[in-house]
Colleague: 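Shown below is the structure under consideration.
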There are 2 protein chains.
Amino acid sequence: MNIEGIKNIITEGGLKFTHQRMVIYQAIAEAENHPTAERVFEQVKSDNPSISLGTVYKTLDSFVTAGIIQKFVDNKGVMRFDGVLEAHSHLYCKKTNEISDYKNADLESLLKKFFDKNQIEDFEIDEISIVIKGQKL
Amino acid sequence: MNIEGIKNIITEGGLKFTHQRMVIYQAIAEAENHPTAERVFEQVKSDNPSISLGTVYKTLDSFVTAGIIQKFVDNKGVMRFDGVLEAHSHLYCKKTNEISDYKNADLESLLKKFFDKNQIEDFEIDEISIVIKGQKL
DNA sequence: TCTCTAATGAGAATGATTCTTAGGGGGAAA
DNA sequence: TTTCCCCCTAAGAATCATTCTCATTAGAGA
Ligand SMILES: [Mn+2]
Ligand SMILES: [Mn+2]
Ligand SMILES: [Zn+2]
Ligand SMILES: [Zn+2]
């Protein structure tokens, strides 16, 4: 994605455009692997050696609040950031510790149909996510 | 559960029976709410005022390794312990922060059937869990 | 350009969890 | 029963991810 595209996403999220936000968003958008804040920090330091880790945390949090990225907690308890906004599932590899995306529209609609029929009593569902643990072959 | 029952579970897990292990297992077995280690510690201190938090962590970890309890990480990144061993899903309430169990055999078999048909390429599934976020009504 | 406010950098503080170490207890063996 | 050994435990230090504080800076609009 080019600079203008990133700038638009950030400002349309209601955030002031800064150099730090620009490189941090870019790192998330380009990442394939649901990076941690620490990993984003390392990635971004080459372009911006004076950036601080606190800024990375705060910026990622602003992005989540603005709805332009997602976050979740991995099974070690560490925060992971995800530039993919659509609902999708995650594959956890026990061997490599990588987390990869699994998108399947059939699965989404299967679940939607199931929970439409089988309402959970006294509970209103906002979102459903599937965590699949296993290993790459 | 009575003391003999708990003692059997602990020793059949290959662990030496101690007073600390007994009260910690009892706390998990009686808990309805997927307690944190800290919460188990508070619970158990009344019976055993000299117990240490480190012992609670190590004991819970031994139980998990022995396969007599389960653990997972909640969406704040904190470890939760669960005396329920069968596969089941969890409901996260955004209002009360409670985590409750959702067991539905139809859902389990639906998912099993789906992933039997739709194998994920180059990935061998060990376990699937569903996280449902929403709120109690 | 000037001003105002929100963003940033640096580092301290916090919270959950793990590690280290010294002492204690219980069972096997003599 | 006594000894020996190993494992368990208590206490607190250390670690790691994350949040907070506060002084300084830099966008964006006037
Ligand atoms: Mn954590
Ligand atoms: Mn933590
Ligand atoms: Zn993803
Ligand atoms: Zn449960």
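Each chain gets a letter, A, B and so on, in the order its sequence line appears, and its residues count up from 1.
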Colleague: Say whether B/Leu85 and B/Tyr102 are linked into one hydrophobic cluster, either directly or through other cluster members, by side-chain heavy-atom distances under 4.5 angstrom.
Modeller: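 Each belongs to a different hydrophobic cluster.
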Colleague: Once you apply a heavy-atom cut-off of 4.0 Å, does A/Ser62 come out as touching a base, just sugar-phosphate, or nothing?
Modeller: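 Here A/Ser62 touches no strand at all.
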Colleague: To the nearest 0.5 angstrom, please state how far the CD atom of B/Glu124 sits from the NZ atom of A/Lys95.
Modeller: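 If we round to the nearest 0.5 Å, B/Glu124:CD and A/Lys95:NZ are 8.5 Å apart.
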Colleague: Starting the side chain at C-beta, find the nucleotide from C/dG9, C/dA6, C/dT17 nearest to A/Lys16.
Modeller: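 For A/Lys16, the side-chain atoms sit closest to C/dA6.
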Colleague: According to a strict under-4.0 Å criterion, is A/Thr59 in side-chain N/O contact with OP1 or OP2 of C/dA7?
Modeller: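 Checking A/Thr59 against C/dA7: no side-chain N or O falls below 4.0 Å of OP1 or OP2.
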Colleague: Rounded to the nearest 0.5 Å, what separation is found between the CG atom of A/Leu107 and the CZ atom of B/Phe115?
Modeller: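 That separation rounds to 5.0 Å.
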Colleague: Nearest of C/dG9, D/dT18, C/dT17 to any side-chain atom of B/Met79?
Modeller: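 The nucleotide sitting nearest to the side chain is C/dT17.
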Colleague: D/dA11 P sits how many Å from B/Asn48 CG, rounded?
Modeller: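 About 10 Å, once rounded to whole Å.
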Colleague: I need the single residue from B/Asn104, B/Leu91, B/Leu137 that forms a side chain to side chain contact (heavy atoms under 4.5 Å, CB included) with A/Ile120. Which is it?
Modeller: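 When B/Asn104, B/Leu91, B/Leu137 are each tested with A/Ile120, the side chain to side chain contact (heavy atoms under 4.5 Å, CB included) holds only for B/Leu91.
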Colleague: At less than 4.0 Å, is any side-chain N or O atom of A/Thr18 found next to OP1 or OP2 of C/dA6? Yes or no.
Modeller: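 Answer no for this pair, as no side-chain N or O of A/Thr18 is under 4.0 Å from OP1 or OP2.
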Colleague: Choose from D/dT18, C/dT17, C/dA6 the nucleotide whose nearest atom is closest to any side-chain atom of B/Ala37.
Modeller: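 Nearest listed nucleotide: C/dT17.
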Colleague: Quickly work out the A/Leu53 CG to D/dC16 C1' distance and round it to whole Å.
Modeller: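 Whole-Å distance recorded here is 11 Å.
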Colleague: Between D/dA17 atom C1' and A/Leu60 atom CG, what is the distance in whole Å?
Modeller: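 Value for this atom pair: 13 Å.
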Colleague: Whole-Å distance between D/dA26 C1' and A/Met22 CE?
Modeller: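 Roughly 17 Å, once rounded to whole Å.
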Colleague: Just to confirm, is there a sub-4.0 Å distance from OP1 or OP2 of D/dA10 to any side-chain nitrogen or oxygen of B/Gln20?
Modeller: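 Looking at the OP1 and OP2 atoms of D/dA10, one of them is under 4.0 Å from a side-chain N or O of B/Gln20.
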Colleague: OP1 or OP2 of D/dT19 less than 4.0 angstrom from a side-chain nitrogen or oxygen of A/Tyr57, does that happen here?
Modeller: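 Checking A/Tyr57 against D/dT19: no side-chain N or O falls below 4.0 Å of OP1 or OP2.
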Colleague: Using atom CZ of B/Phe17 as one end and atom P of C/dG26 as the other, report the distance to the nearest whole Å.
Modeller: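 The distance from CZ of B/Phe17 to P of C/dG26 comes to 12 Å, rounded to the nearest Å.
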Colleague: Starting at CG of B/Asp74 and ending at P of C/dA16, how long is that distance when rounded to a whole Å?
Modeller: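 The distance from CG of B/Asp74 to P of C/dA16 comes to 11 Å, rounded to the nearest Å.
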Colleague: So B/Thr36, base contact, sugar-phosphate only, or nothing? Heavy-atom distance under 4.0 Å.
Modeller: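 Nothing, no heavy atom under 4.0 Å.
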Colleague: Expressed as a whole number of angstroms, how long is the span from B/Arg21:CZ to D/dT9:C1'?
Modeller: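 In whole Å, D/dT9 C1' and B/Arg21 CZ are 10 Å from each other.
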Colleague: Which is more 5' along DNA chain C, the nucleotide nearest B/Gly54 or the one nearest A/Leu15? Just name the residue.
Modeller: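 It is A/Leu15 whose nearest nucleotide is closer to the 5' end.
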Colleague: Using whole Å, what does the distance between atom P of nucleotide D/dT15 and atom CD of A/Glu38 come to?
Modeller: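 These atoms are roughly 16 Å apart.
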Colleague: Between B/His90 and B/Asp82, is there a side-chain donor-acceptor contact under 3.5 Å, judged purely by atom types and distance?
Modeller: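 Side chains of B/Asp82 and B/His90: pair found under 3.5 Å.
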Colleague: Check whether any side-chain nitrogen or oxygen of B/Ser52 sits under 4.0 Å from OP1 or OP2 of D/dA11, and answer yes or no.
Modeller: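 No, no such contact exists.
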